[in-house]
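Keep in mind it's a predicted model, so treat the numbers as computed, not measured.
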Number of protein chains: 2
Amino acid sequence: MATKTVATEKRYRIGEFAAKTGLSGPTLRYYEKEGLVKPHRSDNGLRYYTDADASWIKFLLHLKGTGMTIEQLKQYVAWRAEGDATITKRLQLLKNVRRGFLQKFEELQHSMTILNDKIDWYQGKVDGHISDSEGFANYLASLNHEE
Amino acid sequence: MATKTVATEKRYRIGEFAAKTGLSGPTLRYYEKEGLVKPHRSDNGLRYYTDADASWIKFLLHLKGTGMTIEQLKQYVAWRAEGDATITKRLQLLKNVRRGFLQKFEELQHSMTILNDKIDWYQGKVDGHISDSEGFANYLASLNHEE
DNA sequence: ACACTAGTTAAAGCTGACTTTAACTCATAG
DNA sequence: CTATGAGTTAAAGTCAGCTTTAACTAGTGT
């Protein structure tokens with residue numbers, strides 16, 4: 001009789017999985033309570049997570065990183081659970097998220113410009129390239145940057 | 001006897017100034033309590049702000065936009081009030097802020113890539129370019145994108 | 001056997017950044 | 001003269017997103 005070998009996927013308990021994903025144990029339980037992730041349970045009742053769960057969490061964190069709130073993620077997850085019928089809704093949601101994100105992104109770039117200008121201005125003062133009396137507004141104007 | 005005309009700068013009361021800066025009245029008072037902005041007072045005791053205050057607020061909001069917390073802004077403002085002796089400290093603070101910001105910015109770009117890919121993937125499903133069975137992980141791999 | 005570490009739950013607490021409320025005054029139009 | 005609207009203060013409340021606590025159980029190393 002041949003022995004059947006089952007390729008068993010790696011099981012991560014919450015501590016190991018927390019380290020793997022960069023989240024804390026409590027945060028993982030919190031996400032579970034919110035329905036964002038559904039870990040499995042081994043015979044002894046302890047949670048375990050798989051590599052597939054890790055990919056899922058990473059994807060969620062990317063969505064979160066673009067500005068989606070936990071509530072929006074919950075909505076997304078709920079639609080996902082409903083199956084293909086909700087694909088257009090999910091697509092629409094993600095497109096809305098992207099619109100908001102692009103808007104925020106432009107503001108970030110502008111803020112970055114101002115921050116860089118200010119750093120250059122301070123650096124100029126420190127290095128003596130900019131006169132003691134030249135104000136930042138003047139300096140910005142000289143760069144054709146606003147605000 | 002010639003009459004001396006003083007060019008008086010425009011005075012904004014809190015409501016008008018709130019509209020001008022996009023902040024709320026309460027937020028302006030909150031910022032004042034935190035020492036981030038010092039409005040002036042007219043004879044009747046009401047706050048007023050000037051265009052210079054507006055520039056200052058806009059600059060603060062840009063710094064805030066790059067990830068500085070209110071606490072960091074308070075530190076910055078405190079150093080500024082101490083005069084030129086703290087210029088290197090301020091420069092250092094802003095450089096630290098920039099380091100953190102650039103880090104976050106890269107993560108944002110990565111998240112953006114993932115979001116775009118996901119949207120394209122859904123779009124492909126909706127348009128029928130992507131087979132019902134092709135998973136997102138596969139799709140990402142086909143683009144040489146990770147996670 | 002006993003300590004130590006990791007896990008379990010529900011619930012309360014925390015942080016940052018405001019927002020809202022309460023109770024008031026002051027300036028101006030009708 | 002009184003109603004309206006904007007301003008004033010201090011203090012309490014809100015919200016998202018965790019984090020901490022309390023009180024417990026279960027598995028592992030010496």
Side-chain angles (χ1 to χ4, degrees), chain A residues 10-50 53 57-58 60-77 97 100-101 104 107-108 111, chain B residues 10-50 53 57-78 97 100-101 104 107-108 111:
Chain A
K10 167 125 214 243
R11 295 178 171 199
Y12 303 89
R13 295 203 316 203
I14 198 167
E16 194 182 0
F17 194 71
K20 189 179 169 68
T21 55
L23 298 174
S24 70
T27 298
L28 283 167
R29 293 191 193 97
Y30 167 69
Y31 280 5
E32 178 180 355
K33 201 177 61 183
E34 297 302 319
L36 299 185
V37 61
K38 280 211 218 321
H40 324 272
R41 299 282 177 159
S42 38
D43 297 343
N44 57 17
L46 299 192
R47 285 175 184 79
Y48 70 87
Y49 301 80
T50 66
D53 295 321
I57 289 278
K58 279 176 189 165
L60 280 189
L61 291 179
H62 281 306
L63 291 187
K64 190 162 171 295
T66 63
M68 278 180 82
T69 62
I70 301 284
E71 284 308 306
Q72 285 178 305
L73 290 171
K74 281 167 77 169
Q75 175 65 85
Y76 179 80
V77 168
V97 167
F101 180 76
K104 219 186 61 186
E107 291 167 15
L108 283 177
S111 291
Chain B
K10 167 126 213 246
R11 295 177 171 199
Y12 303 87
R13 293 203 319 202
I14 197 166
E16 194 183 359
F17 194 71
K20 187 179 170 69
T21 56
L23 298 173
S24 69
T27 298
L28 283 168
R29 292 191 195 97
Y30 167 69
Y31 281 6
E32 178 179 354
K33 200 176 63 185
E34 298 302 317
L36 299 185
V37 60
K38 279 209 218 323
H40 323 273
R41 299 283 177 157
S42 37
D43 296 343
N44 56 19
L46 300 193
R47 285 175 185 80
Y48 72 87
Y49 300 81
T50 66
D53 295 321
I57 288 279
K58 279 176 189 165
F59 174 60
L60 280 188
L61 291 179
H62 280 305
L63 290 187
K64 189 163 171 296
T66 63
M68 278 179 82
T69 63
I70 301 286
E71 284 307 307
Q72 285 179 303
L73 290 172
K74 281 167 76 170
Q75 174 66 84
Y76 178 80
V77 169
V97 167
F101 180 76
K104 219 187 65 188
E107 291 167 16
L108 283 176
S111 291

A.B. asks: Does NZ in B:K104 sit with more than 12 non-hydrogen atoms of other residues, nucleotides or ligands closer than 6.0 Å?
C.D. replies: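 Buried by this count: over 12 neighbours within 6.0 Å.
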
A.B. asks: Taking 4.0 Å as the cut-off, does a side-chain nitrogen or oxygen of B:S24 come that near to OP1 or OP2 on C:dC18?
C.D. replies: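 For B:S24, the contact criterion (side-chain N or O under 4.0 Å from OP1 or OP2 of C:dC18) is not met.
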
A.B. asks: State the CD1-CG distance between A:I57 and A:L36, to the nearest 0.5 angstrom.
C.D. replies: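 Those atoms lie 7.5 Å apart.
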
A.B. asks: Supply the atom-to-atom distance B:T50 OG1 to B:D53 CG, rounded to the nearest 0.5 angstrom.
C.D. replies: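 The distance works out to 3.5 Å.
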
A.B. asks: Between A:P26 and B:E16, name the one whose nearest nucleotide on DNA chain D is closer to the 5' end.
C.D. replies: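 Per heavy-atom nearest nucleotide, the more 5' residue is B:E16.
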
A.B. asks: Any side-chain N or O of B:R47 less than 4.0 Å from the OP1 or OP2 oxygen of D:dT8?
C.D. replies: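 Result: yes.
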
A.B. asks: Taking OH from A:Y12 and P from C:dG7, how many angstroms apart are they, rounded to a whole number?
C.D. replies: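 After rounding, the gap between these two atoms is 14 Å.
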
A.B. asks: Nearest to the B:T69 side chain among D:dG7, C:dA17, C:dT19, which nucleotide is it?
C.D. replies: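 Comparing D:dG7, C:dA17, C:dT19 against the side chain of B:T69, the answer is C:dA17.
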
A.B. asks: If the cut-off is 4.0 Å, is B:T27 near the phosphate of C:dA17, judged by side-chain N/O to OP1 or OP2?
C.D. replies: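 The answer is no; no side-chain N or O of B:T27 sits under 4.0 Å from OP1 or OP2.
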
A.B. asks: Write down the distance between CG (A:L36) and C1' (D:dC18), rounded to a whole number of angstrom.
C.D. replies: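 In whole Å, D:dC18 C1' and A:L36 CG are 13 Å from each other.
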
A.B. asks: Roughly how far, to the nearest 0.5 Å, is CG of B:L28 from OH of B:Y12?
C.D. replies: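 If I round to the nearest 0.5 Å, the distance is 13.5 Å.
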
A.B. asks: Name the nucleic acid region contacted by B:Y31, choosing base, sugar-phosphate or nothing; use a 4.0 angstrom heavy-atom cut-off, strictly under.
C.D. replies: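 The residue B:Y31 makes sugar-phosphate contact but no base contact.
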
A.B. asks: Starting from P on C:dT8, measure out to NZ on A:K33 and report it in whole angstrom.
C.D. replies: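 In whole Å, C:dT8 P lies 15 Å from A:K33 NZ.
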
A.B. asks: Calculate the interatomic distance between B:F17 atom CZ and D:dG7 atom P; express it in whole Å.
C.D. replies: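 Computing the B:F17:CZ to D:dG7:P distance gives 13 Å.
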
A.B. asks: Between A:I14 (CD1) and C:dT9 (C1'), how many Å, whole number?
C.D. replies: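 Checked: the CD1 to C1' distance equals 12 Å.
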
A.B. asks: Between B:R41 and D:dG7, is there a side-chain N or O to OP1/OP2 distance below 4.0 Å?
C.D. replies: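 It does not, given that no N or O in the side chain of B:R41 lies less than 4.0 Å from OP1 or OP2 of D:dG7.
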
A.B. asks: Round to the nearest Å and state the distance from A:Y49 atom OH to C:dT8 atom C1'.
C.D. replies: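 From A:Y49 OH to C:dT8 C1': 12 Å.
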
A.B. asks: Hey, is the side chain of B:R13 poking within less than 4.0 Å of OP1 or OP2 on D:dA6, counting only N and O atoms?
C.D. replies: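 For B:R13, the contact criterion (side-chain N or O under 4.0 Å from OP1 or OP2 of D:dA6) is not met.
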
A.B. asks: Which nucleotide wins on minimum distance to the side chain of A:I70, given the candidates D:dG7, C:dT8, D:dC18?
C.D. replies: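 When the side chain of A:I70 is considered, D:dC18 is the closest of D:dG7, C:dT8, D:dC18.
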
A.B. asks: For B:K74 and C:dC18, give me the distance from atom NZ to atom P, rounded to whole Å.
C.D. replies: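 The distance from NZ of B:K74 to P of C:dC18 comes to 13 Å, rounded to the nearest Å.
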
A.B. asks: I want to confirm an ordering. Mapping B:Y30 and A:L46 to their closest nucleotides on DNA chain C, which one lands closer to the 5' end?
C.D. replies: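 With B:Y30 and A:L46 compared, the 5'-side residue is A:L46.
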
A.B. asks: Does this structure show an ion pair linking B:R29 with B:E32, if we count only N-O contacts that are shorter than 4.0 Å?
C.D. replies: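 Between B:E32 and B:R29 there is no salt bridge, as every charged N stays at least 4.0 Å from the carboxylate O atoms.
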
A.B. asks: Of all the choices, D:dT8, D:dG27, C:dG7, which nucleotide is nearest to the side chain of A:R29 once you look at every atom?
C.D. replies: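 Nearest to the side-chain atoms of A:R29, counting from C-beta on, is C:dG7.
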
A.B. asks: Quickly work out the A:E34 CD to D:dC18 P distance and round it to whole Å.
C.D. replies: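 Distance check: A:E34 CD to D:dC18 P gives 10 Å.
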
